[in-house]
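Step one of this worksheet: look at the structure below.
A quick note: this is a predicted structure, and the numbers were derived from the prediction, not measured. Numbers restart at 1 for each chain; the letters A, B, ... are given by sequence-line order, proteins then strands.
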There are 2 protein chains.
Amino acid sequence: MLTERQLTILQVIIDDFVDSAHPIGSRALSKKESLPYSAATIRNEMADLEELGFLEKTHTSSGRVPSEKGYRYYVDHLIGPILSPSQNEVTIIKNIIDDGFFEFEQIVQMSAEVLSKLTSYTSIILGPEMFETKLKQIQILPLSAYTAVAILVTNTGHVEHRSFSIPEKVRASDLEKMVNIMNDRLKGVPIVQLQEKLTTEIAQLMKMYIDDFDTSFDYLKSVFLSEHPVKLYIGGKSNILMQPEFNDVDKIRSFFNMMEREDEIANLLKNTKSGIEVTIGNENEVEAIKNLSLITASYHMEGDHMGTIALLGPTRMEYRKVITLLRGLSNEMTDALYMWYKNDDDA
Amino acid sequence: MLTERQLTILQVIIDDFVDSAHPIGSRALSKKESLPYSAATIRNEMADLEELGFLEKTHTSSGRVPSEKGYRYYVDHLIGPILSPSQNEVTIIKNIIDDGFFEFEQIVQMSAEVLSKLTSYTSIILGPEMFETKLKQIQILPLSAYTAVAILVTNTGHVEHRSFSIPEKVRASDLEKMVNIMNDRLKGVPIVQLQEKLTTEIAQLMKMYIDDFDTSFDYLKSVFLSEHPVKLYIGGKSNILMQPEFNDVDKIRSFFNMMEREDEIANLLKNTKSGIEVTIGNENEVEAIKNLSLITASYHMEGDHMGTIALLGPTRMEYRKVITLLRGLSNEMTDALYMWYKNDDDA
DNA sequence: ATTAGCACTCAGGTACTTAGAGTGCTAACA
DNA sequence: TGTTAGCACTCTAAGTACCTGAGTGCTAAT
């Protein structure tokens with residue numbers, strides 16, 4: 001369908017436009033070595049490519065600009081098999097991760113930062129979700145007569161904590177008993193099953209030991225089972241201001257408004273399949289980013305999907321570089337997770 | 001020095017400009033009820049006020065705009081004694097704080113958010129610092145053969161944690177011993193003194209019990225004493241985009257660049273005296289905010305300075321409202337801290 | 001002391017012009 | 001038949017000129 005020459009032209013146009021952000025004309029193209037044809041010839045080809053929907057004009061006599069279909073074709077066919085993880089960047093990534101002290105949250109945060117710095121787009125990292133993480137320990141530590149802090153540790157070294165004031169009705173001693181029972185019975189249980197196990201099996205058991213069971217138990221539940229919202233790490237919201245497409249105050253405003261609706265973004269990333277996904281412009285379902293592109297990659301733990309890393313930028317995006325980078329990072333993260341947490345047999 | 005009428009004029013100009021962001025002319029002023037004079041009269045007064053440095057023109061034939069000196073005078077003398085904490089807002093603030101579950105971090109985060117929403121400026125909250133917080137418990141929890149998580153809890157319910165991999169050289173049993181000793185000896189010790197006590201007294205003691213002391217100890221130190229950076233919570237970086245002074249892409253860029261240098265901002269807030277401070281435009285020492293105003297208020301715990309809350313906005317700022325709000329919030333926070341943590345006698 | 005009147009200034013909008021980049025189409029060429 | 005040169009045409013971006021309205025400063029009259 002597309003001739004060899006048309007492919008080359010499309011490729012060159014995209015590469016050039018991604019770099020310069022300026023529409024490109026036939027004359028300029030004819031000067032490139034890879035296109036030893038006259039401007040007129042190229043004009044004809046460009047007209048065809050436009051008719052086929054791969055190119056667009058910004059106005060009747062402007063140069064051409066890739067259309068979303070063009071980018072799509074580029075990503076699917078022209079991007080080449082050259083997806084070896086890049087040089088210098090790998091070192092940077094490795095440095096973040098092999099820090100000796102690993103704190104997954106920190107790593108994620110830093111990765112988001114770095115990812116954005118390397119690309120000048122906005123990076124978004126979701127997770128890690130707690131699907132497969134297991135309870136390691138629960139602890140309640142009294143702080144004063146009426147306050148205490150509850151601490152929950154998972155096998156991945158994740159620590160949730162929550163301070164609360166103890167209502168009059170609830171006896172500290174009862175709480176303590178409960179915690180003991182929970183530690184006894186719930187160690188090694190996947191976090192996602194906590195709620196279920198707690199309300200069924202364990203509740204039975206506890207009733208036997210504890211006086212004013214109902215009050216205390218309700219309270220305990222609210223302390224430990226308040227949703228653990230999946231965390232979203234956003235890096236370089238403002239790096240994207242470097243992009244020339246954000247040369248308009250209104251665009252900036254609406255971008256930042258969008259970024260503030262974190263739940264929406266989280267949903268966006270939740271529904272990704274494993275592997276790398278590229279969504280270009282209007283392919284996105286969310287209205288607010290229909291003029292942007294989103295590249296997502298997931299990272300795993302022993303086969304289970306743990307979270308998603310993504311980059312959000314203008315449709316005029318360095319797809320190749322971004323895909324390379326995301327792939328590299330998600331692999332590193334998957335490896336790191338495996339390394340750290342593989343021996344989680346004992347609970 | 002300033003006549004009654006001049007004061008009125010200055011006040012009206014500032015109030016109007018703060019509201020509209022447009023330079024104001026003599027004709028418009030003469031229409032206000034509080035100024036039953038002709039435009040010409042007012043023109044003369046304005047000329048005088050300009051000569052005295054309280055007003056400025058944006059160009060030769062424009063209306064007047066308050067100068068920084070004008071704002072300063074307004075804040076110092078014209079703002080009135082009417083600083084009763086405002087109505088509806090107090091409820092909002094109280095709702096955040098009296099949540100039953102208190103997590104100081106969360107509260108601070110939410111306060112920052114709300115503060116910004118109520119004002120459309122950017123809010124910055126520093127702290128709480130750990131000056132007066134005391135160690136409650138230290139714990140090391142092994143996760144796998146070679147990894148563990150260290151958890152440190154303060155009397156304010158603050159939880160620091162850190163995952164790390166255990167080097168070959170260090171024996172798990174030694175670490176455990178050390179932790180025991182530390183818990184024994186360091187409970188109730190102010191966090192800031194931890195490092196000192198640890199390296200002197202406690203180190204002596206440990207040497208007696210532990211074989212390969214030096215390695216283990218160095219390691220431990222690096223786990224527990226890595227700086228606990230003072231945390232900075234920023235709310236509504238993008239709310240400020242509503243302000244008409246940010247109608248220029250470059251201004252937005254430089255604002256966001258500035259906001260990314262968190263350490264600089266933290267320093268800015270650290271050096272505040274207690275009480276409320278207003279710094280207008282060039283009064284600020286930091287170059288990047290010389291065209292903005294910063295209002296800071298500190299909150300306390302039993303007399304000790306714990307942290308600072310601040311609002312950053314254009315010099316054309318609703319000083320009265322902001323001061324009211326900050327005062328209200330800082331009081332609430334101080335009260336809350338007192339309520340929660342007053343009985344911290346036992347450690 | 002206050003005000004009316006007037007000449008003057010300037011930002012911001014509208015209209016017009018021009019230069020340059022680019023296109024589409026036709027006709028000539030290999 | 002595919003390629004190219006040439007030309008008329010289009011449209012943006014930048015520059016220039018002009019006008020209006022809001023505002024000032026100053027002077028003279030009240």
Treating B:T279 as the side-chain partner and B:L294 as the backbone partner, does any N or O pair qualify as donor plus acceptor under 3.5 Å? yes
Looking at B:V12 and B:K32, what are the two nearest heavy atoms and their distance? CG1-CD, 3.8 Å
Would you confirm whether A:E318, through its side chain, and A:V18, through its main-chain N or O, come within 3.5 Å as a donor-acceptor pair? no
Determine which pairs satisfy side-chain hydrogen bond (donor to acceptor under 3.5 Å, both in side chains) with at least one residue from residues 65-74 of chain B, sequence neighbours left out, and list them in order. B:D15-B:Y74, B:E68-B:N282, B:R72-B:D76, B:R72-B:E283
On a heavy-atom basis, the closest approach of B:F17 and B:P66 is CD2-CD, 3.5 Å
Separation between CE (B:M242) and CD1 (B:I240), nearest 0.5 Å, reads 11.0 Å
Do NZ/NE/NH1/NH2 and the carboxylate oxygens of B:E50 and B:R64 come within less than 4.0 Å? yes
Smallest heavy-atom separation, A:S111 atom then A:I125 atom, equals CB-CD1, 3.9 Å
Taking DNA chain D as the partner, which of residues 17-34 of chain B come within under 4.0 angstrom of it by heavy atom? B:G25, B:S26
Look only at the side chain of A:R27 and the backbone of A:A39, and say whether a donor-acceptor pair between them is shorter than 3.5 Å. no
What is the 5' to 3' range of DNA chain C, first to last nucleotide, that sits under 4.0 Å from any heavy atom of chain B? C:dT2 to C:dA11
Roughly how far, to the nearest 0.5 Å, is CZ of A:F246 from CD1 of A:I252? 8.0 Å
Heavy atoms within less than 4.0 Å of DNA chain C: which residues of residues 35-42 of chain B have one? Give them sorted by number. B:Y37, B:S38, B:A40, B:T41
Does anything in residues 4-14 of chain B reach DNA chain D, meaning a heavy atom under 4.0 Å, and if so which residues? none
Go through residues 43-68 of chain A and report each residue with a non-hydrogen atom lying under 4.0 Å from DNA chain D, sorted by number. A:R43, A:N44, A:H59, A:T60, A:S61
Side chain to side chain contact (heavy atoms under 4.5 Å, CB included) between B:V322 and B:L326: does it pass, once the steps are laid out? CA-CA 6 Å; B:V322 165; B:L326 281 185; 4.1 Å; yes
Sub-3.5 Å donor-acceptor pair from the side chain of B:T41 to the main-chain atoms of B:Y37, do we have one? no
Side chain proximity check, A:I295 to A:Y121, heavy atoms < 4.5 angstrom: no
Worked check of side chain to side chain contact (heavy atoms under 4.5 Å, CB included) between A:H77 and A:L2: CA-CA 12 Å; A:H77 302 105; A:L2 285 192; over 6 Å; no
Mark yes when over 12 heavy atoms from residues, nucleotides or ligands other than B:K117 sit less than 6.0 Å from its NZ; otherwise mark no. no
